[in-house]
Amino acid sequence: MEKNSKIFVAGHRGLVGSAILKNLQDKGYHHFVLRTHAELDLTDQSAVCRFFEEEKPEYVFLAAAHVGGIMANSRYRADFIYQNLMIQNNVIHASFLNKIKKLLFLGSTCIYPREAPQPMTENCLLTSSLEYTNEPYAIAKIAGLKMCESYDLQYGTNFIAVMPTNLYGPNDNFDLETSHVLPAMIRKIHLANCLMQADWAALRKDLDQRPVEGVDGKAESDDIERVLAKYGVFPDRVELWGTGRPLREFLWSEEMADASVYIMEKVDFADLCKGQGPDIRNTHINIGTGVEHTIREVAQMVCRVVGFTGTVNFDASKPDGTLRKLTDVSKLHKLGWHHQVELEEGIDRLYQWYLKNS
Ligand SMILES: NC(=O)C1=CN([C@@H]2O[C@H](COP(=O)(O)OP(=O)(O)OC[C@H]3O[C@@H](n4cnc5c(N)ncnc54)[C@H](OP(=O)(O)O)[C@@H]3O)[C@@H](O)[C@H]2O)C=CC1
Ligand SMILES: C[C@H]1O[C@H](OP(=O)(O)OP(=O)(O)OC[C@H]2O[C@@H](n3cnc4c(=O)[nH]c(N)nc43)[C@H](O)[C@@H]2O)[C@@H](O)[C@@H](O)C1=O
């Protein structure tokens, strides 16, 4: 990529897309073409074709997707498979038709089998069944990575697919139902701490910024307490989901962005085929830290960062999802990229960001 290359960051207001845009700007890239979801619905094939024909971007970061945590994935199964297939089909095919020089597709490590040997290498793709809670989303992501690989093999494009572990950072989704675990824990434990201290001003400020169904910043104290209890938030305790025993790996979103830009600058599809025989496959790249923690340990870290002294309980009637999904990051390390931000530091950064933005 040249500093004046025309770059389309799809999903530039999301958790990862916003970090990619910032990373590119910090590195001196300055020629962007950007559209919000309202301006360009990427599930609309003719609108996407028109956009590519008119704008002719040279490079594409595909960070737009229908995204959510375990509850959103398991409830809204049709939305997760339909929207993600449509977005990626439209953007990847339009990139081929318009001779885009390089594209980066973001998948997820949930593409790997539920019982995959740990840590999971790129080669364990499609070796056994997927985790049920996010099977529709995972199937869309597998289709996306296979689409990139197939276009590269048939048409000689340079479309690279990366599979990030669980991510967290600025511009995360803090919804109490649909978010991923880290933003959910930060908000729930923060709200419980405010209830414990009867800090109604802080509670109302939070609910003004991010309304919860049934309460906003003008609600009476009793109503706030009643509604937050539905989400497991009490003045003396927080009830989180599942058993607390699943292991998860977390990468700071700005590091995910750095890895994405690094790969776009330094890695070509041809590099990912080296050493393979005629049946080239599994050319995607895992992106993670290679470090895992139990959900209970993560909750303890969040309590320390927030300063919450109440208790944390787990509601085993809620799903655990995959018990372990640690990425093998050898391929990424061989390509020359390593993470730096460890989890407790990242939680502290995200909590400070959250306080400033609520
Ligand atoms: N968050 C995580 O833990 C992980 C994320 N990933 C992957 O990383 C990528 C980015 O995820 P993340 O940043 O977390 O997601 P976010 O939900 O934060 O952002 C998604 C972005 O996609 C845009 N978008 C969604 N649907 C459409 C549409 N139909 N048309 C146009 N734009 C649309 C949204 O636009 P707008 O803001 O305008 O609504 C938003 O900017 C995704 O591919 C995701 O699967 C992979 C592993 C983990
Ligand atoms: C990135 C990845 O994210 C999703 O997979 P997931 O890792 O299972 O998602 P999660 O972050 O929502 O949960 C992680 C763990 O945490 C536990 N947990 C506890 N308490 C809360 C809680 O309050 N909220 C949430 N969301 N989880 C909680 C929860 O029970 C689970 O054991 C995929 O669907 C898919 O989108 C994907 O690719």
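Counting starts at 1 for both ligands and their atoms, in listed order.
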J.: Taking a cutoff of less than 4.0 Å between a non-hydrogen atom of the residue and any ligand atom, is Lys318 in contact with ligand 2?
T.: no

J.: Heavy-atom distance from atom 34 (C) of ligand 1 to the protein below 4.0 Å?
T.: no

J.: Taking it one step at a time, do Glu254 and Asp258 satisfy side chain to side chain contact (heavy atoms under 4.5 Å, CB included)?
T.: CA-CA 6 Å; Glu254 292 176 344; Asp258 193 62; over 6 Å; no

J.: Taking the basic N atoms (NZ, or NE/NH1/NH2) and the acidic carboxylate oxygens, is any pair closer than 4.0 Å for Glu54 and Lys56?
T.: no

J.: Is there side-chain contact between Pro246 and Arg248, with heavy atoms separated by less than 4.5 Å?
T.: yes

J.: Nearest to atom 25 (C) of ligand 2 by heavy atom, Tyr231, Trp241, Phe250, Tyr137: which?
T.: Trp241

J.: How long is the gap from NE2 on His338 to NE2 on His333, to the nearest 0.5 Å?
T.: 4.5 Å

J.: Taking distance alone, with no angle check, do Pro319 and ligand 2 share an N/O pair under 3.5 Å?
T.: yes

J.: Does even one non-hydrogen atom of Leu62 get within less than 4.0 Å of ligand 1?
T.: no

J.: For Ala184, counting its heavy atoms only, list the atoms of ligand 2 lying under 4.0 Å from any of them.
T.: 22 (C), 23 (O), 24 (N)

J.: Mind checking whether Ser74 has a heavy atom under 4.0 Å from ligand 2?
T.: no

J.: Suppose we measure from atom 36 (O) of ligand 2 to each protein heavy atom; which comes out shortest, and what is that distance?
T.: Gly68 O, 2.9 Å

J.: Is there a continuous path of hydrophobic side-chain contacts, each under 4.5 Å between heavy atoms, that joins Ile285 to Phe61?
T.: yes

J.: Between His12 and ligand 1, is there a nitrogen or oxygen pair with a distance under 3.5 Å?
T.: no

J.: Does ligand 2 have any atom that is closer than 4.0 Å to a heavy atom of Thr133?
T.: no

J.: Is the closest N or O pair between Pro164 and ligand 1 shorter than 3.5 Å?
T.: no

J.: Taking 4.0 Å as the limit for heavy-atom contacts, which would you say applies to Gln83 with ligand 1: side chain only, backbone only, both, or neither?
T.: neither

J.: Closest non-hydrogen protein atom to atom 5 (O) of ligand 2, residue and atom name please, with distance?
T.: Lys325 NZ, 3.5 Å

J.: Select one of side chain, backbone, both or neither to describe which atoms of Phe314 lie under 4.0 Å from any atom of ligand 2, heavy atoms only.
T.: neither

J.: Ring centres under 6.0 Å, that's the criterion: do Tyr155 and Phe96 meet it?
T.: yes

J.: One residue to check: Asn173. Relative to ligand 1, which of side chain, backbone, both or neither has a non-hydrogen atom less than 4.0 Å away?
T.: neither

J.: With the threshold set at 4.0 Å, does a side-chain nitrogen-carboxylate oxygen contact exist between Lys325 and Glu249?
T.: no

J.: Stepwise, does the salt bridge (charged side-chain N to carboxylate O under 4.0 Å, His left out) test hold for Lys102 with Glu58?
T.: CA-CA 7 Å; Lys102 206 190 261 191; Glu58 294 171 88; over 6 Å; no

J.: What do you reckon, does Gly69 put a non-hydrogen atom under 4.0 Å from ligand 2?
T.: yes

J.: Looking at Tyr29, does the NZ or CZ of Lys3 lie under 6.0 angstrom from its six-membered ring centre and within 45 degrees of the ring axis?
T.: yes

J.: Could Glu177 and Arg75 be called an ion pair, given the rule that one side-chain N must be under 4.0 Å from one carboxylate O?
T.: yes

J.: Where on Arg248 is there a heavy atom closer than 4.0 Å to ligand 2, on the side chain, on the backbone, on both, or on neither?
T.: side chain

J.: Nearest to atom 34 (O) of ligand 2, what protein heavy atom do you find, and at what distance?
T.: Asn73 ND2, 2.9 Å

J.: Any heavy atom of Met86 closer to ligand 1 than 4.0 angstrom?
T.: no

J.: Does atom OH of Tyr132 have more than 12 heavy-atom neighbours, drawn from other residues, nucleotides or ligands, at distances under 6.0 Å?
T.: no

J.: Provide, to 0.1 Å, the distance between atom 19 (O) of ligand 1 and the closest protein heavy atom, together with that atom's residue and name.
T.: Gly14 CA, 3.3 Å

J.: With a 6.0 Å cut-off on ring centres, are His180 and Tyr168 close enough?
T.: no

J.: Should the proximity of Val181 to ligand 2, defined as any heavy atom under 4.0 Å, be assigned to the side chain, the backbone, both, or neither?
T.: both

J.: With a 4.0 Å heavy-atom cut-off (strictly under), which part of Leu106 contacts ligand 1: side chain, backbone, both or neither?
T.: both

J.: In plain terms, say whether Arg50 and Glu53 are close enough for a salt bridge, that is, a side-chain N and a carboxylate O under 4.0 Å apart.
T.: no

J.: Does Ile100 share a hydrophobic cluster with Leu104, counting links as ILVMFWY side-chain heavy atoms below 4.5 Å and allowing steps through other members?
T.: no

J.: Relative to ligand 1, is Tyr137 under 4.0 angstrom through side chain, backbone, both or neither, heavy atoms considered?
T.: side chain

J.: For atom 26 (N) of ligand 2, what is the nearest protein heavy atom, given as residue, atom name and distance?
T.: Ser179 O, 2.9 Å

J.: Hey, which atoms in ligand 2 end up nearer than 4.0 Å to a heavy atom of Cys110?
T.: 38 (O)

J.: Does ligand 1 have a heavy atom under 4.0 Å from the side chain of His37, from its backbone, from both, or from neither?
T.: both

J.: What atoms of ligand 2 come closer than 4.0 angstrom to any heavy atom of Ser108?
T.: 37 (C), 38 (O)

J.: With backbone taken as N, CA, C and O and side chain as the heavy atoms from C-beta onward, which portion of Met71 lies under 4.0 Å from ligand 2: side chain, backbone, both, or neither?
T.: neither

J.: Would you say His93 and Tyr151 are linked by a side-chain donor-acceptor pair, where the criterion is simply a distance under 3.5 Å?
T.: yes

J.: Given Tyr354 and Gln209, is the side chain to side chain contact (heavy atoms under 4.5 Å, CB included) satisfied, shown in steps?
T.: CA-CA 11 Å; Tyr354 180 77; Gln209 183 68 18; over 6 Å; no

J.: To the nearest 0.1 Å, how far is atom 9 (O) of ligand 2 from its closest protein heavy atom, and which atom is that?
T.: Ile70 N, 3.7 Å

J.: Give a yes/no verdict on whether any heavy atom in Gly68 is under 4.0 Å from an atom of ligand 1.
T.: no

J.: For atom 46 (C) of ligand 1, what is the nearest protein heavy atom, given as residue, atom name and distance?
T.: Gly107 O, 3.0 Å

J.: Within the 4.0 Å heavy-atom shell around Pro246, which atoms of ligand 2 are there?
T.: 32 (O)

J.: Looking only at the side chains, is there a donor atom on one of Thr43 and Gln83 sitting less than 3.5 Å from an acceptor on the other?
T.: no

J.: Ring centres under 6.0 Å, that's the criterion: do Phe159 and Phe105 meet it?
T.: no

J.: Please write down residue, atom name and distance for the protein heavy atom closest to atom 33 (C) of ligand 2.
T.: Asn134 ND2, 3.2 Å

J.: Give me the nearest non-hydrogen protein atom to atom 31 (C) of ligand 1 as residue plus atom name, then the distance to 0.1 Å.
T.: Leu40 O, 3.3 Å

J.: Do Thr157 and Asp152 have a side chain donor and acceptor closer than 3.5 Å?
T.: yes

J.: Taking distance alone, with N or O pairs closer than 3.5 Å, would you say Asp41 contacts ligand 1?
T.: yes

J.: To which protein heavy atom is atom 31 (C) of ligand 2 closest, and what is the distance rounded to 0.1 Å?
T.: Asp320 O, 3.4 Å

J.: Cationic tip of Arg77 within the cone over Phe80's six-membered ring, i.e. under 6.0 Å and within 45° of the normal?
T.: no

J.: Judged by modelled atom types alone, do Asn286 and Tyr112 share a side-chain donor-acceptor pair under 3.5 Å?
T.: yes

J.: Going by distance only, is there an N or O of Leu15 that falls short of 3.5 Å from an N or O of ligand 1?
T.: yes

J.: To the nearest 0.1 Å, how far is atom 15 (C) of ligand 2 from its closest protein heavy atom, and which atom is that?
T.: Ile295 CD1, 3.6 Å

J.: Counting heavy atoms only, which of Ala65, Gly11, Ser253 is nearest atom 20 (C) of ligand 1?
T.: Ala65

